[in-house]
Amino acid sequence: MSANYEVRGSVAVITLNNPPVNGLGHATRKATAEGIERAENDPAIKAVVITGAGKAFSGGADIREFGSPKALAEPNLLSLIARVESCSKPVVAAIHSVCMGGGLELALGCHYRVAAPGTKVALPEVKLGLLPGAGGTQRLPRALGVEPALNMIVSGEPVNSELLAQVPGQVLFQKILDGDLLDGAVAFAMEVADKRPLPRVRDLKAQHPEAQGFFQFARNTVQAMSKHFPAPLQCVEAVSAAVSQRFEDGMKAEREAFAQLMLTPESKALRHAFFAERAAAKIPDVPEDTPLRAIQKVAIIGAGTMGGGIAMNFLNAGIPVTLLEMKIEALDRGIETIRKNYEAQIRKGKLKEDKYAQRMALLQGTLSYAEIGDADLVIEAVFEDIGVKEQVFRRLDEVMKPGAILASNTSTLDVNKIASFTKRPQDVIGTHFFSPANVMKLLEVVRGAATAKDVLATVMALGKKIRKTCVVSGVCDGFIGNRMIEQYSRQAGFLLEEGCTPQQVDKAMERFGFAMGPFRMGDLAGNDVGWYIRKRRYIEKPDLRYSKTADLLCEMGRYGQKTGAGWYDYQPGKRDAIPSRTVLEMIDMHRSALGITPRKISDEEIVQRLVFALVNEGARILEEGIAMRASDIDMVYLTGYGFPLWRGGPMCYADTVGLYNVVQTMKRFARNPLDDGKFWEPAPLLARLAEQGKGFTE
Ligand code: T1G
């Protein structure tokens, strides 16, 4: 698939045609350049229109070509755009739906641009750790103005074509065309067919009245963002070159910056994350055209924090929800919490009153199972105890209509066991939401041994509809995320015993890029959650060593923010974590009881012990088939646990470090006299890949 050529009267129409989003791959670039050549050499042709087939004008350079010779094969994007711009006949870009990255840069090389209303326009390269590398940083400031152009380039966010067309002095869009875009574009092309000289964006001046001050302000603004990856600052410098240098020199500066950024680990990680998110939606043994079950009504059992948050996801997507509780006080409290959440969003200007009313109108409460029998999907969000789950699922099996999907929000329990409480295990699945459920993007979709393929496909599609990143997990204790975080938490506890303070560990992890270190995270989620799981673990796996510090903390009633004290102290009603003398004394006493003399531990060791603990358990999860691919594990950590996006997730990060180096470092940790000699045993898959010099995500 590449680009089609047709003639309408005296206008040649070149249609980019590379599904799904007309990525400007080599074949497409070549066919487009040939189309320009053909139109230029045909005396009957007076003008050219370039448009896109299907759902986009173009999603930009074909990122699947990145790193392959195809990306630079002539005509590369730069030479194609130069060819369009040098055409002796007017070239009009007819833009609809999506026009991004290299797609917009191609349009900027055209002499004119017309767009359909609602077209989303963006230069999102910065989100891939890059900058626009085909003239975007030089042409957009000339076409749109320096400030709006820089905002678009540094944010990477899409903007509506109508909005851009209103920018004073802009020449990005000559027309916003209602009706048939191609007809309108051909008519416009005929209108300008004889106009000369042909307007080239590159001939314009990019100007800003106080350029020096403006760019210094811009550098300061992006400084924080650029702390972890260089792209945002490079974007500012490239746009600054558009103002201070000749076009050719600015293009050269852009090209050099692009080439450098392409090689950075951060850009590789961000591109990995981009594809990882899309790969996670694919289930090898479930065809993409699997018929889905209709989900018109959802019921949720339990109106607590999780149940209420889960309900909001469906209300936000316009799906009616019935919330079921056992007692009216709990039900009222649950509905009131949802109301308060929405009202807070209204106060922050994130939600309009009419939308709030629409959503609340879709919510019903009930105390009776009889009233939820007609729901297409029911999600249980009750106490994390298998006995309670059994009662609920036996009841659901009695009342739910045939074909209803029965989902559990369990965070660790055995979904197969839960399915066995029903006569319809094929309709049972796990939907593990992360707290706060209406905010966190991650949804672990837990596939039971009996879960039907259409049930899995339906829940995955529904998850996308409620704007979640769905990752399929097999059944094991903790699924993917919590199973790995348990090893991460074990190491965090050992670090305390060996000499660290909670704040030292948290700061090290936050400097690495985590949204929150393990101890602040525990105080937020509730330290009693882990305590409950460890009590179960001590019985199930008595030989598994844990630091006692977390238990001692809970025995002091320090569950975290919800009790006003945890690993840290908190002022009443505040969330600022204050280092706690009480906790430090507890840790000191515990070290003395163990006969441990605390030692100085580097940030590097802290990060390696916590992240490699994740990696090693992730390798086991991969090997057991609990996760379908390493990049799925990365998606879990990027969207559910605050792992830094520009490091691509734990498995991608391990590849960046090199698995050989990871294993060697683990062997060094295993020599720690305080280590139990088992923790750092490399997972067989990790050891094998390291031996072979391979990575998880290649
Ligand atoms: N190249 C190749 N494939 C792409 C693609 C691209 N640019 N964008 C999306 N896809 C694939 C995606 O992997 C998925 O494939 C399918 O299209 C649907 O995607 C020189 C160098 C365009 C807004 O960063 O933001 O130009 O999984 O599920 O929700 O300066 O895709 O189905 O096989 O996201 O409708 C800059 C990235 C490139 C745009 C459509 N462009 N894409 O969203 O569908 S760098 C981008 C998006 C560049 C130049 C530089 C979105 C979308 P599959 P989807 P969607």
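Note that ligands are numbered from 1 as they come in the structure, with each ligand's atoms numbered from 1 the same way.
Phe434 has its ring centre less than 6.0 Å from the ring centre of Tyr641. Taking the six-membered ring where the residue is Trp, the centroids of His208 and Phe214 are separated by under 6.0 Å.
Arg64 forms no cation-pi arrangement with Phe66, by the criterion of a distance under 6.0 Å to the ring centre and an angle within 45° of the ring axis.
Counting only heavy atoms of the protein, atom 1 (N) of ligand 1 lies nearest to Ile63 N, 3.0 Å. When only non-hydrogen protein atoms are considered, atom 45 (S) of ligand 1 lies nearest to Phe66 CZ, 3.8 Å. The single protein non-hydrogen atom nearest to atom 22 (C) of ligand 1 is Val98 CG1, 4.0 Å, given as residue, atom name and distance. Protein heavy atom in closest approach to atom 44 (O) of ligand 1: Lys55 NZ, 3.7 Å. From the protein, the heavy atom lying nearest to atom 19 (O) of ligand 1 is Arg278 NE, 3.8 Å. For atom 2 (C) of ligand 1, the closest non-hydrogen atom of the protein is Asp62 OD1, 3.2 Å. What sits closest to atom 29 (O) of ligand 1 on the protein, heavy atoms only, is Lys464 NZ, 4.9 Å. Protein heavy atom in closest approach to atom 11 (C) of ligand 1: Pro20 CG, 4.0 Å.
Heavy atoms of Leu123 found under 4.0 angstrom from ligand 1: none, in either backbone or side chain. If you look at Lys127 next to ligand 1, there are no close heavy atoms at all, none under 4.0 Å. With a 4.0 Å heavy-atom cut-off, ligand 1 is reached by the side chain of Val21 but not by its N, CA, C or O. Here Lys120 has no heavy atoms under 4.0 Å from ligand 1, in either its backbone or its side chain. Using a 4.0 Å cut-off between heavy atoms, Phe57 makes no contact with ligand 1 at all. At a heavy-atom distance under 4.0 Å, only side-chain atoms of Leu77, from C-beta outward, approach ligand 1.
Contact atoms of ligand 1 toward Lys282: 27 (O), 32 (O), 33 (O), 53 (P) (distance under 4.0 Å to a heavy atom of the residue). Close contacts of ligand 1 with Leu128, meaning ligand atoms under 4.0 Å from a residue heavy atom, involve 24 (O). For ligand 1, the atoms lying closer than 4.0 Å to a non-hydrogen atom of Arg64 are 2 (C), 3 (N). Close contacts between ligand 1 and Glu105 involve ligand atoms 20 (C), 30 (O), 49 (C) [criterion: under 4.0 Å to a heavy atom]. Shown in contact with Phe258 at under 4.0 Å from a heavy atom are these atoms of ligand 1, numbered in order with element: 21 (C).
To the nearest 0.5 Å, atoms OG (Ser267) and CG (Leu261) are separated by 7.0 Å. Rounded to the nearest 0.5 Å, atoms CD1 (Ile81) and CZ (Arg29) are 10.0 Å apart. Once rounded to the nearest 0.5 Å, the distance linking CG of Asp62 with CD of Glu65 reads 5.0 Å.
Within a 4.0 Å radius of atom 52 (C) of ligand 1, the protein has no heavy atom. Contact annotation for atom 26 (O) of ligand 1: protein present (non-hydrogen atoms, distance under 4.0 Å). Protein non-hydrogen atoms do reach within 4.0 Å of atom 7 (N) of ligand 1.
Between Phe188 and Tyr112, the ring-plane angle classifies as perpendicular under the 30° and 60° cut-offs.
At least one side-chain heavy atom of Met628 sits under 4.5 Å from a side-chain heavy atom of Val472. When side chains are defined from C-beta on, Phe173 counts as touching Leu164, because their heavy atoms get closer than 4.5 Å.
Remark: Arg38 does not engage Glu34 in a salt bridge, criterion side-chain N to carboxylate O under 4.0 Å. Salt bridge Glu266/Arg271: absent, no basic N to carboxylate O contact under 4.0 Å. We find that Lys120 and Glu157 are not joined by a salt bridge, their nearest charged nitrogen and carboxylate oxygen being 4.0 Å or further apart. Between Arg200 and Asp203 there is a salt bridge, since at least one side-chain N of the basic residue sits less than 4.0 Å from a carboxylate O of the acidic one.
Polar contact with ligand 1: present for Gly59 (N/O pair, distance under 3.5 Å). Looking at ligand 1, you won't find any N or O of Gly23 less than 3.5 Å from one of its N or O atoms. Of the N or O atoms in Phe274, none lie within a sub-3.5 Å distance of an N or O in ligand 1. Polar contact with ligand 1: present for Ala61 (N/O pair, distance under 3.5 Å). For ligand 1, none of its N or O atoms has an N or O atom of Pro132 under 3.5 Å away.
The environment of Glu288 atom CD is sparse: at most 12 non-hydrogen atoms of other residues, nucleotides or ligands sit within 6.0 angstrom. Within 6.0 Å of CZ on Phe275 lie more than 12 heavy atoms contributed by other residues, nucleotides or ligands.
Residue Val471 is tested with Ile633, Ile480, Asp634, Val446 for a side chain to side chain contact (heavy atoms under 4.5 Å, CB included); the sole match is Ile480.
For Glu65, the closest heavy-atom approach to ligand 1 does not fall below 4.0 Å.
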